[in-house]
Protein chains: 4
Amino acid sequence: MLININPTNGLAVYDQIARQIKFAVANRVLRPGDLVPSVRELAKNLAINPNTVARAYRELQAEQIIQTVRGTGLEITVAAPEICRNARQELIRLRLREVLEEAGRSQLSRTQVKQLFDKELSQYDETGNAS
Amino acid sequence: MLININPTNGLAVYDQIARQIKFAVANRVLRPGDLVPSVRELAKNLAINPNTVARAYRELQAEQIIQTVRGTGLEITVAAPEICRNARQELIRLRLREVLEEAGRSQLSRTQVKQLFDKELSQYDETGNAS
Amino acid sequence: MLININPTNGLAVYDQIARQIKFAVANRVLRPGDLVPSVRELAKNLAINPNTVARAYRELQAEQIIQTVRGTGLEITVAAPEICRNARQELIRLRLREVLEEAGRSQLSRTQVKQLFDKELSQYDETGNAS
Amino acid sequence: MLININPTNGLAVYDQIARQIKFAVANRVLRPGDLVPSVRELAKNLAINPNTVARAYRELQAEQIIQTVRGTGLEITVAAPEICRNARQELIRLRLREVLEEAGRSQLSRTQVKQLFDKELSQYDETGNAS
DNA sequence: GTGGTCTAGACCACC
DNA sequence: GTGGTCTAGACCACG
């Protein structure tokens, strides 16, 4: 379970942690019953404030992705995979819709948008890295 | 020249002003030589502080979209239309790329992404309003 | 006697007028006894406010470059050519000194500055137009 | 990291701050990763308003010379040294060209300009102080 | 503690 | 009237 933090990209650190855990769940790197790292341990590894880790976990708890196990720590819930997989597709859909609205405000035609999309998609290598 | 401000959408007010002026330039609502509303007038119309308008205009000046005409006001530069039209297409392209990278990190296949896109595009009415 | 005004270059309009008259005197385009255009005429030709022309002339009077001739207008003084020619050389010397001080603050060596100067001088065509 | 402000030299205070930081970067007094003084601290030291410092920093951010580190402060970017060093040489070159154009408009010969330059250069002590 | 944003009001030079 | 700058003080999210 590797988490990478970039404190200079404008995204809140707690949000970066939460997102990466959700991705790990969606991609079955983390499975129901697995324990996430303890607040103190993760904070130490990332050299950040424990409060920041705690906040990330608080948000994940609110979304029912992790739950406390008394005396043990925080574990991935049974519902987590479905929540995360649905969420990721909805996220992409929402982003696409936003871009299309932006394009509409810019008065780009449907054809122009499609051309831009196809050009970018042809460079899409399904790895998450820009090619 | 209509500008609408939504103080609760998370976007900074000065940014909303700057964006709408860029759109107006890209869409030929504002043309080179046209004067933008004076700082005080626009501030009064939008019921916001003149400093906020001034900041928006300062950013537009830094991007060479408007320039001061001594004692007269701020006018659209001759280079503005090209700058704004190039910028808007680059913005859309960048956003599409980001979404595709996000999709890659979520391990969606190229086919899945294309289906999502086509579904959203079919609802795209080229007006900038979600349908 | 041609005067060109650029209201968008940051220089005050009255200053542009005064400078161009001084150049005209230094270069013998205007000679002692010549009349400068009347405030109203020049303001009309340049499509600017007569106050702005009046201010330019006021400054030139303070520098003894023009003087009022009752009932006639404003004429170039006998002392004007010497004043303007001395001023132009001093101006250049002052500017060079400023650039050198700026270079010193940037810790450029004397050799580096000389190279930059020689390169620019080689493009210098003595016409006042960038080549 | 010493910054000196002269509120009476015509230069905007925010600009003086930005310039001095750029010089410090170009001269390796500030290096990538170093934090600039916090907005509030610098404002207190210089006895000026925090907004003025913030504006200076905002301009430096726009030029990619500093970047925010969430909750920590503003640090010098890795690209900053190159940006600042290129900028300072280009600035000197631009200034020299302006002076030469001015000289051309004054109909000074190439030889006269060179004499003026050599005379000033002989007094140039590479410290940034007029001798 | 940090930066980011906004408001309110002042003074300046210029037209 | 115009923009440009600065001060004073507030509120926010983040760590």
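Proteins get letters first, then strands, A, B, ... in listed order; numbering begins at 1 in each.
Within the 4.0 angstrom heavy-atom criterion, no nucleotide atom of any strand lies near A/Ile48. Residue D/Glu41 is out of contact with every strand shown, counting any heavy-atom pair closer than 4.0 Å. At the heavy-atom level, D/Gln61 lies under 4.0 Å from the strands shown only through sugar-phosphate atoms. Within the 4.0 angstrom heavy-atom criterion, no nucleotide atom of any strand lies near B/Val69.
Look at CG on B/Leu11: it is 14 Å from C1' on E/dG4, rounded to the nearest Å. What separates CD of D/Gln16 from P of F/dG4 is a distance of 19 Å, to the nearest Å. Per the geometry, CG belonging to B/Asn49 stands 16 Å off P belonging to F/dC11, to the nearest Å. Taking atom CG of B/Leu42 as the reference point, atom C1' of F/dT2 lies 14 Å away to the nearest angstrom. Rounded to whole Å, the distance from CZ on D/Arg40 to P on F/dC14 is 16 Å. One can place CD of B/Glu59 at 17 Å from P of F/dG3, the figure rounded to the nearest angstrom.
Side-chain N/O atoms of B/Arg55 include none lying less than 4.0 angstrom from OP1 or OP2 on E/dC6. The side chain of D/Arg70 places no N or O atom within less than 4.0 Å of a non-bridging phosphate oxygen (OP1 or OP2) of E/dG3. Residue D/Thr68 places none of its side-chain N or O atoms closer than 4.0 Å to OP1 or OP2 of E/dG3. The side chain of B/Arg58 contributes no N or O atom lying less than 4.0 Å from OP1 or OP2 of F/dG4. Between C/Tyr14 and E/dC14 there is a side-chain polar atom (N or O) within less than 4.0 angstrom of OP1 or OP2. Contact between the side-chain N/O atoms of D/Gln67 and the OP1/OP2 oxygens of E/dG3 is not found at any separation under 4.0 Å.
For the 3.5 Å distance criterion, the side chains of D/Arg88 and D/Asn27 qualify, holding a donor opposite an acceptor. A donor-acceptor pair shorter than 3.5 Å can be found between the side chains of D/Gln67 and D/Glu75.
Atoms CG and CD1, from C/Leu46 and C/Ile17 in turn, are 5.5 Å apart once rounded to the nearest 0.5 Å.
Which of F/dT2, E/dT7, F/dG4 sits closest to the side chain of B/Ser38 comes down to F/dT2. With E/dC6, E/dC15, F/dG15 as the candidates, the nucleotide lying closest to the side chain of C/Ala12 is E/dC15. Each of E/dC6, F/dT5, F/dC6 was ranked by its minimum atom distance to the side chain of D/Thr52; first place goes to F/dC6.
For E/dT2, the paired nucleotide is F/dA13, the pair qualifying as Watson-Crick or G-U wobble because both relevant distances are below 3.5 Å.
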Quiz item: side-chain hydrogen bond (donor to acceptor under 3.5 Å, both in side chains) between A/Gln16 and A/Asn4: does it pass, once the steps are laid out?
Solution: CA-CA 8 Å; A/Gln16 297 183 48; A/Asn4 292 304; over 6 Å; no
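The shortest side-chain heavy-atom distance between C/Leu35 and C/Thr72 falls under the 4.5 Å cut-off.
Contact of C/Asn51 with E/dC14 (side chain to base): no donor-acceptor pair of N or O atoms is detected under 3.5 Å.
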